[in-house]
Amino acid sequence: MRPEAEREDQAAGQDAPGSTPIRVAVAGAAGRMGQTVCAAVDGAGDMELTGRPDPTLGTAVSEVLADADVLVDFTTPGTAVANAREAVAAGVHVVIGTTGFDPAELDELAGAPANVFVAPNFAIGAVLMMEFARQAAAHMARAEIIELHHERKLDKPSGTAARTGALMSQAAPALGEIPIHSVRLPGLVAHQEVILGDVGQTLTIRHDSTDRESFMPGVLLAIRRVRALTGSPVVGLEHLL
Ligand SMILES: NC(=O)c1ccc[n+]([C@@H]2O[C@H](COP(=O)([O-])OP(=O)(O)OC[C@H]3O[C@@H](n4cnc5c(N)ncnc54)[C@H](O)[C@@H]3O)[C@@H](O)[C@H]2O)c1
């Protein structure tokens with residue numbers, strides 16, 4: 001990964017009024033996230049929803065690439081990398097929100113004719129939670145993570161929890177691997193607590209996504225920026241903020 005080489009050239013004018021809309025296809029369009037992303041793209045003045053590939057809608061990713069500038073992927077851990085491979089080979093940039101696979105699998109796409117951006121969490125509050133946890137890690141003796149999600153989530157631990165733990169361990173190697181506890185219950189959307197402990201005190205950093213709308217500003221930002229990344233793949237919304 002090359003997270004340092006991430007910035008777009010703002011002068012590209014992608015958001016300029018009157019400029020050509022970004023043509024966006026959404027893989028997993030029939031899913032919980034996919035439906036919300038389709039609505040957000042539809043409502044964005046600078047984007048056009050040109051494809052809704054999803055097996056339950058009878059449309060394959062290969063059928064929508066000719067009409068897309070960017071493919072957004074909210075599918076399953078077993079399909080996201082293959083979809084990305086197919087898209088970049090066709091010159092279509094990719095924004096991946098799917099979790100449950102190792103982002104290092106995308107390293108093979110470095111130098112491809114199109115860019116790949118992946119974020120385990122597109123909510124700004126979650127990005128801040130990860131950053132605060134990373135900063136706190138060096139100052140406390142121990143830490144554990146509790147992540148809580150709706151009962152139909154396929155992967156465990158969540159991509160957000162895995163990334164938070166990795167960032168904390170990098171910042172504070174003495175913590176070792178951070179234990180992660182996963183809760184799956186109806187009524188939940190996406191929640192995480194990072195609890196740090198030291199003599200006579202604990203510090204809890206908590207983030208709650210109570211609605212999938214929380215992810216949409218980050219997803220739209222990534223769609224606008226992915227084409228002008230100067231390195232690829234890029235992992236983490238913090239590189240676009
Ligand atoms: N990055 C984030 O901020 C964020 C936020 C929420 C969820 N997620 C992740 O997004 C993913 C999707 O979550 P969800 O709740 O919408 O799941 P979901 O099960 O509701 O939807 C997944 C959809 O993908 C479709 N699909 C399966 N294989 C496909 C393929 N090859 N091509 C196109 N579509 C295909 C399925 O038919 C289904 O409609 C999960 O990995 C989840 O963890 C990420």
Side-chain angles (χ1 to χ4, degrees), residues 26-40 52 54-57 72-81 83 95-103 105 118-137 140-169 175-198 201-220 222 235-238:
V26 179
R32 286 175 289 269
M33 284 298 292
Q35 290 181 45
T36 313
V37 172
C38 285
R52 299 168 67 232
D54 192 306
T56 66
L57 301 175
V72 179
D73 191 291
F74 281 93
T75 60
T76 66
T79 53
V81 176
N83 286 347
V95 171
I96 303 176
T98 308
T99 60
F101 68 94
D102 182 354
E105 288 183 50
V118 55
N121 202 312
F122 280 96
I124 178 66
V127 175
L128 291 170
M129 168 193 62
M130 287 188 261
E131 173 57 21
F132 297 154
R134 188 189 66 76
Q135 290 180 26
M140 301 287 277
R142 297 268 300 275
E144 302 207 4
I145 295 171
I146 305 173
E147 55 97 345
L148 312 90
H149 284 82
H150 61 89
E151 82 282 20
R152 283 165 297 175
K153 183 171 177 61
L154 292 181
D155 52 316
K156 190 188 283 191
S158 72
T160 302
R163 182 156 171 83
T164 308
L167 290 170
M168 293 174 75
S169 297
L175 288 179
E177 191 172 331
I178 315 286
I180 300 174
H181 311 273
S182 299
V183 178
R184 298 287 176 266
L185 287 173
L188 295 169
V189 179
H191 317 260
Q192 180 167 300
E193 272 186 21
V194 181
I195 309 174
L196 299 107
D198 211 319
Q201 60 182 319
T202 63
L203 168 66
T204 302
I205 304 168
R206 180 172 175 119
H207 176 258
D208 297 274
S209 273
T210 53
D211 192 300
R212 291 184 176 84
E213 284 295 327
S214 62
F215 306 114
M216 293 307 111
V219 172
L220 296 183
V235 183
L237 190 67
E238 63 274 21

Non-neighbouring partners of Q201 that pass side chain to side chain contact (heavy atoms under 4.5 Å, CB included), sequence neighbours left out: M140, D198
Point-to-point distance, once rounded to the nearest 0.5 Å, from OG of S209 to CG of L148: 12.0 Å
Any residue meeting side chain to side chain contact (heavy atoms under 4.5 Å, CB included) with A166, in chain and number order, not counting sequence neighbours: none
Beyond-backbone contact of R184 with E147, side-chain heavy atoms, under 4.5 angstrom: yes
A30 backbone acceptor or donor facing D54 side chain under 3.5 Å: yes
For T99, side chain to side chain contact (heavy atoms under 4.5 Å, CB included) partners two or more places apart: P120, K153, D155
Under the side-chain hydrogen bond (donor to acceptor under 3.5 Å, both in side chains) test, residues paired with T36 that sit two or more places apart: none
Nearest heavy atoms of A29 and L57, plus distance in Å: CB-CD1, 4.0 Å
Closest non-hydrogen atom pair between V118 and F101, with its separation: CG2-CZ, 4.3 Å
Closest approach of A123 to H207 (non-hydrogen atoms, all atoms of both residues): CB-CE1, 4.0 Å
Heavy-atom side-chain contact between M130 and N121 under 4.5 Å: yes
Partner set under side chain to side chain contact (heavy atoms under 4.5 Å, CB included) for P179, not counting sequence neighbours: E144, H181
Heavy-atom closest pair, residues S158 and H149: CB-CE1, 3.5 Å
Listed partners of E213 passing side-chain hydrogen bond (donor to acceptor under 3.5 Å, both in side chains), at least two apart: none
Value rounded to 0.5 Å, distance of CZ in R142 from CD1 in I178: 9.5 Å
R32 CZ: over 12 foreign heavy atoms closer than 6.0 Å: yes
Least distance between heavy atoms, M216 atom then R212 atom: CE-O, 3.6 Å
Partners passing side-chain hydrogen bond (donor to acceptor under 3.5 Å, both in side chains) against R206 (at least two apart in sequence or in another chain): E193, D208
Under-4.0 Å salt bridge between E238 and R163: yes
Residues that D73 engages under side-chain hydrogen bond (donor to acceptor under 3.5 Å, both in side chains), provided they are two or more places apart: T75, N83, T98
All salt bridge (Lys or Arg N to Asp or Glu O under 4.0 Å) counterparts of R52, not counting sequence neighbours: none
Flag, side chain of T202 to backbone of L196, donor-acceptor distance under 3.5 Å: no
Close side-chain approach of F122 to V37, heavy-atom, < 4.5 Å: no
Minimum-distance pair of heavy atoms, taken over all atoms of P103 and V235: CB-CG2, 4.1 Å
